[in-house]
Amino acid sequence: MQQALVLEKKGVLSLREIDLPAEAGPGEVKIEIDTVGVCGSDVHYYTHGAIGPYVLREPMVLGHEAAGTVVDVGSDVRNLKVGDRVCMEPGVPNLSSRASKLGIYNVDPDVRFWATPPIHGVLTPFVIHPAAFTYKLPDNVSFAEGAMVEPFAIGMQAATRARIQPGDVGAVIGAGPIGIMVALAALAGGCARVFISDLSADKLKIAGQYPGLIPVNITKRPFADVIAEETGGWGADVVFEASGSPKAYQGMFDLVRPGGAFVLVGLPVEPAQLDVAGAISKEVRIETVFRYANIFDRALELIASGKVDLKPLITGTFDFKDSIKAFERAAAGLPSDVKLQIKMKE
Ligand SMILES: [Zn+2]
């Protein structure tokens, strides 16, 4: 038995003892968790008890953005040793599956993903995880940054799907945590400048502190007007939808240049209307992003190189004993909060 932050049912969290695996089997490592990020999906399970087809039916440990230290290694583990500082990829596919063989293990229907019912997450002092999905942190990458790799990986997957070319102009709809991650990955991937839109001045202020990110407040001017003005009426080379709002789909192809790419990242809760003629008339290439595959090691390379600094996005850190408070604050959705983290170790 060990302590964990357990979502008992919709709206009810408790810090209590729960029975979790304690021994590293073949190919697995045991990790002492140091830091866990609070994600929108964790908060959504807390406030709504479900995300689409994933419904909470039994108590579940929350948390999937984590970093820690290897404290034990099972047999057949060669890439890690006791004492290594690591971060973990929260989704574990069936490596024999057809999707895994194709290299698209993120869309393996059998993937087991932390804190997605019925799989327990990692807001608990120790977890067991496959070594193949555990990544050593470079010495200059902190645990707090290590716990930011998971959300940043989504941005990197989006930038990868966009097939950015050096000097591209990017545009990102939505300056929430994922929108900012996408914009930073687009810059790192070669965009010369990236426009990012939102309704919230607070969120845009956070995004705008990064050189190369240009905030656009859509309560003042339509995003498409700004993009047209800045690109001589041509449009952005790569556009990312990261708000998840069905409203963002209205006129979305006005943002993109003829032959450009549109990458869908945000997950609308309701079906969204797509202007097919708008896309066809520009021969827009449309891509979708579901989590990530083969990204964590490259995300760590970028963070360690100093080209991407995620530290300014950590806007609050709570002790494990205060983790319910952390979730209450995250559920309040303050526009000045990007990422809240929970520190497991004193
Ligand atoms: Zn997350």
Side-chain angles (χ1 to χ4, degrees), residues 148 151-200 203-218 220-245 248-267 275 278-279 282-290 292 295 298-299 301-303 305 307-310 312-313 338:
M148 295 290 274
F152 183 55
I154 297 166
M156 295 253 317
Q157 177 89 352
T160 305
R161 286 276 175 270
R163 291 185 236 147
I164 294 164
Q165 295 186 37
D168 272 353
V169 173
V172 179
I173 303 169
I178 293 298
I180 295 177
M181 298 289 181
V182 168
L184 292 175
L187 269 186
C191 279
R193 48 189 179 141
V194 177
F195 295 86
I196 181 165
S197 73
D198 208 282
L199 301 156
S200 157
K203 290 182 181 178
L204 290 168
K205 200 172 142 202
I206 295 163
Q209 68 189 313
Y210 286 98
L213 295 194
I214 304 149
V216 176
N217 191 326
I218 54 167
K220 302 214 168 81
R221 277 186 81 192
F223 199 22
D225 286 9
V226 175
I227 296 295
E229 187 179 285
E230 293 283 339
T231 59
W234 178 237
D237 299 290
V238 289
V239 184
F240 302 88
E241 201 311 288
S243 73
S245 164
Y249 281 70
Q250 290 166 18
M252 67 199 284
F253 298 114
D254 295 344
L255 296 165
V256 66
R257 71 160 167 87
F262 209 111
V263 185
L264 306 178
V265 188
L267 206 57
D275 173 14
K282 287 183 170 176
E283 208 173 69
V284 173
R285 176 168 55 85
I286 299 174
E287 301 273 354
T288 60
V289 168
F290 183 67
Y292 34 72
I295 294 283
R298 293 190 295 130
E301 284 286 348
L302 271 179
I303 296 166
S305 75
K307 290 196 171 117
V308 172
D309 181 8
L310 303 175
L313 303 177
V338 183

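Everything quoted here is computed from the prediction, not taken from an experiment. Position 1 is the first residue of the sequence; numbering continues from there.
Distance check: Asp309 CG to Leu302 CG gives 12.0 Å after rounding to the nearest 0.5 Å. Atoms OG and CD1, on Ser197 and Ile214 in that order, are 12.5 Å from each other to the nearest 0.5 Å.
Applying the side chain to side chain contact (heavy atoms under 4.5 Å, CB included) rule to Thr231 yields the partners Val169, Ile227, Trp234; only residues at least two apart in sequence or on another chain are considered. By the side chain to side chain contact (heavy atoms under 4.5 Å, CB included) test, Lys205 is found to be paired with no residue, residues two or more places apart in sequence or in another chain being considered. Tyr210 meets the ring-ring contact (aromatic ring centres under 6.0 Å, His included) test with no other residue; sequence neighbours excluded. Residues forming a side chain to side chain contact (heavy atoms under 4.5 Å, CB included) with Asn217 (at least two apart in sequence, or on another chain): Ala201, Leu204, Thr219, Lys220.
In this structure, Glu229 contributes its side chain and Val226 its backbone to no donor-acceptor pair below 3.5 Å.
Heavy-atom neighbours of Leu267 CG from other residues, nucleotides or ligands within 6.0 Å: at or below the threshold of 12. Annotation: Gln209, atom CD; neighbour count of heavy atoms from other residues, nucleotides and ligands within 6.0 Å is above 12.
Contact detail for Ala236 and Val239: the closest heavy-atom pair is CB-CG2, 3.9 Å. Between Leu213 and Pro215 the shortest heavy-atom distance is O-CD, 3.5 Å. When all heavy atoms are compared, the tightest approach of Ala242 to Val172 is CB-CG1, 4.1 Å.
Evaluation of the side-chain hydrogen bond (donor to acceptor under 3.5 Å, both in side chains) test over residues 235-244, restricted to residues two or more places apart or in two chains, returns Asp237-Arg257, Glu241-Ser243.
Tested against Lys203 for a side-chain contact (heavy atoms from CB on, under 4.5 Å), the candidates Val338, Ile180, Ile196, Asp198 yield a single pass: Asp198.
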* To do: Take Met148 and Val308, measure what side-chain contact (heavy atoms from CB on, under 4.5 Å) needs, and give me the verdict at the end.
  => CA-CA 11 Å; Met148 295 290 274; Val308 172; over 6 Å; no

* Kindly determine whether Phe240 and Ile178 satisfy side-chain contact (heavy atoms from CB on, under 4.5 Å), including the steps that lead there. => CA-CA 11 Å; Phe240 302 88; Ile178 293 298; over 6 Å; no

* **Ile303 vs Leu310, side-chain contact (heavy atoms from CB on, under 4.5 Å): CA-CA, chis, key distance, verdict** => CA-CA 8 Å; Ile303 296 166; Leu310 303 175; 3.8 Å; yes

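Taking 4.5 Å as the limit, some side-chain heavy atom of Leu255 sits within range of a side-chain heavy atom of Ile173.
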Pairs of donor and acceptor atoms involving the side chains of residues 151-166, under 3.5 Å and at least two apart or interchain, shall be tabulated with distances.
unit_1: Gln157; atom_1: OE1; unit_2: Ala293; atom_2: N; d: 3.2
unit_1: Thr160; atom_1: OG1; unit_2: Met156; atom_2: O; d: 2.6
unit_1: Arg163; atom_1: NH2; unit_2: Glu287; atom_2: OE2; d: 3.4

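The ring of Phe262 has its center closer than 6.0 angstrom to the ring center of Phe253.
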